[in-house]
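Notes to accompany the following structure.
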Amino acid sequence: MKILVINSGSSSLKYQLFDMESGKVLAKGGCERIGAGGSVTHKVPGRDNYTVEVDLPSHDKALEMVFSLLTDKEHGVISNVSEIDAVGHRVAHGGEKYKKSSLVDIEMINYLETIIPINPLHGPPAIKGMRACLRMIPTTPQVAVFDTSFYSDIEDYRYIYALPYEYYENDKIRRYGFHGTSHRYVSIKTAEALGVPVENLKMITCHLGNGSSITAIDGGRAIDTSMGFTPQEGIPMGTRSGNIDPTVIPYVMKKHGLTPDQMEDVLNRQSGLLGISGLSNDFRNLLAASQDGNGRATLALKMLANGIKKYIGSYMAELNGLDVLVFTAGIGENQYEIRRMTCENLDALGIVIDEEKNKNFERGVPFDITGKGSKVKVMIVPTDEEYMIALDTQRIVK
Ligand code: ADP
């Protein structure tokens with residue numbers, strides 16, 4: 001079975017074609033600058049990458065380009081689009097209705113359109129990607145995999161904000177949680193690596209990338225997560241503030257005469273590690289600057305580690321214990337320094353890492369960095385959201 005996974009952004013469309021029997025990626029790539037020029041990079045394992053500048057006025061055109069590359073004589077890996085058995089779409093937000101991955105149909109698209117006001121950035125491009133596929137390969141089954149659905153079992157007292165209840169009832173303001181596909185995948189892989197059924201494990205998974213989130217998982221089900229109504233809540237991220245006193249927002253808006261859009265830009269794109277350091281949103285740059293004695297880079301790293309630590313402590317309380325602490329995504333998988341800083345002085349909670357293993361970890365596989373005397377296992381587990389989407393798609397179309 002061949003499954004095409006599509007991740008459609010406002011000006012980009014990423015794709016991966018999986019062969020499900022071998023679990024291998026046959027081809028992957030991305031269209032960039034859709035609506036403002038256009039380029040496509042297409043990668044096939046074992047061959048040179050192929051990049052081409054091409055006019056991509058719409059998501060339809062981008063998808064057309066993807067199909068033409070996948071079936072191209074020189075660059076392709078299949079001879080006909082009909083060889084694609086199913087398409088899996090990454091969809092950030094399923095609202096309150098879509099509690100699990102589901103077949104795409106018009107009813108779903110209509111519902112997703114109604115929740116665009118609470119998902120203005122990611123909703124429209126995901127819908128465009130789905131519509132384009134429905135138009136171009138109407139007989140191929142399509143599945144939507146939602147970032148929010150892993151959190152559909154979270155209890156109300158954990159997802160309701162302490163605002164007037166009407167904001168929840170009328171405006172659907174609540175915690176939804178994001179990155180669920182990654183947290184779910186990593187929880188399954190961790191259980192597999194430990195040889196323990198996921199049902200028997202209390203886990204905290206730390207997805208630390210440009211966007212970061214932390215999830216408490218009890219027996220395979222998410223019980224709480226750091227991201228909220230939007231991916232803004234939680235720990236400091238590359239350019240997002242994470243948690244702040246909400247009253248800071250109207251105060252800054254009034255003081256500096258900012259519009260809501262300008263304030264949103266400050267919170268989303270000018271804050272986090274970039275805002276604190278004034279240097280970069282990239283962990284690698286901050287680590288290098290910190291090692292060169294840059295105080296604000298050091299401050300950013302300390303704030304990130306402390307933010308993670310606070311969630312670990314609170315989620316251990318919510319879970320009433322912890323079996324495994326997991327690090328994943330760009331920073332979590334690759335940066336031993338953040339794992340060291342986060343786990344430093346957590347021995348009172350039973351968390352100790354092996355400094356040597358942490359530093360000389362093996363990449364690309366689940367890797368145990370538990371230290372001597374630790375009551376909690378500490379693991380690095382690579383995430384793969386696209387493969388999780390392909391697995392869900394396969395399960396549903398079968
Ligand atoms: P996104 O959230 O956009 O998917 P990633 O998960 O790739 O981003 O995370 C980006 C962050 O991870 C950056 O801060 C970067 O410094 C760090 N990172 C990613 N890959 C590596 C790597 N190979 N080595 C060190 N740091 C990395």
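Only heavy atoms go into these numbers, but all of them, side chains included; no hydrogens, no water, no symmetry mates. In listed order, ligands and their atoms are each counted from 1.
Taking the centre of each ring, Y387 and F18 come in below the 6.0 Å mark.
A cation-pi arrangement, defined by a distance under 6.0 Å to the six-membered ring centre and an angle within 45 degrees of its axis, is present between R339 and F361.
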Distance dump, ligand 1 polar atoms to protein, N/O, under 3.5 Å:
{"residue": "ligand 1", "atom": "2 (O)", "partner": "N210", "partner atom": "N", "Å": "2.9"}
{"residue": "ligand 1", "atom": "2 (O)", "partner": "G211", "partner atom": "N", "Å": "3.4"}
{"residue": "ligand 1", "atom": "6 (O)", "partner": "G330", "partner atom": "N", "Å": "2.9"}
{"residue": "ligand 1", "atom": "8 (O)", "partner": "N210", "partner atom": "N", "Å": "3.4"}
{"residue": "ligand 1", "atom": "9 (O)", "partner": "N210", "partner atom": "N", "Å": "3.4"}
{"residue": "ligand 1", "atom": "12 (O)", "partner": "I331", "partner atom": "N", "Å": "3.2"}
{"residue": "ligand 1", "atom": "14 (O)", "partner": "F283", "partner atom": "N", "Å": "2.9"}
{"residue": "ligand 1", "atom": "16 (O)", "partner": "D282", "partner atom": "OD1", "Å": "2.5"}
{"residue": "ligand 1", "atom": "16 (O)", "partner": "F283", "partner atom": "N", "Å": "3.3"}
{"residue": "ligand 1", "atom": "16 (O)", "partner": "R284", "partner atom": "N", "Å": "3.3"}
{"residue": "ligand 1", "atom": "16 (O)", "partner": "R284", "partner atom": "NE", "Å": "3.3"}
{"residue": "ligand 1", "atom": "20 (N)", "partner": "N334", "partner atom": "ND2", "Å": "3.4"}
{"residue": "ligand 1", "atom": "26 (N)", "partner": "Q335", "partner atom": "NE2", "Å": "2.9"}

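Residue pairs meeting the salt bridge (charged side-chain N to carboxylate O under 4.0 Å, His left out) criterion with at least one partner in residues 174-194, sequence neighbours excluded, are E96-R174, R175-E233, R184-D392, K189-E192. Evaluation of the ring-ring contact (aromatic ring centres under 6.0 Å, His included) test over residues 294-350, restricted to residues two or more places apart or in two chains, returns Y311-Y315. Residue pairs satisfying the side-chain hydrogen bond (donor to acceptor under 3.5 Å, both in side chains) criterion with at least one member in residues 270-284, sequence neighbours excluded, are listed as follows: N210-N281, D265-Q270, S280-N285, D282-R284.
Enclosure of atom NZ in K302 is not indicated, since only 12 or fewer non-hydrogen atoms of other residues, nucleotides or ligands lie within 6.0 angstrom.
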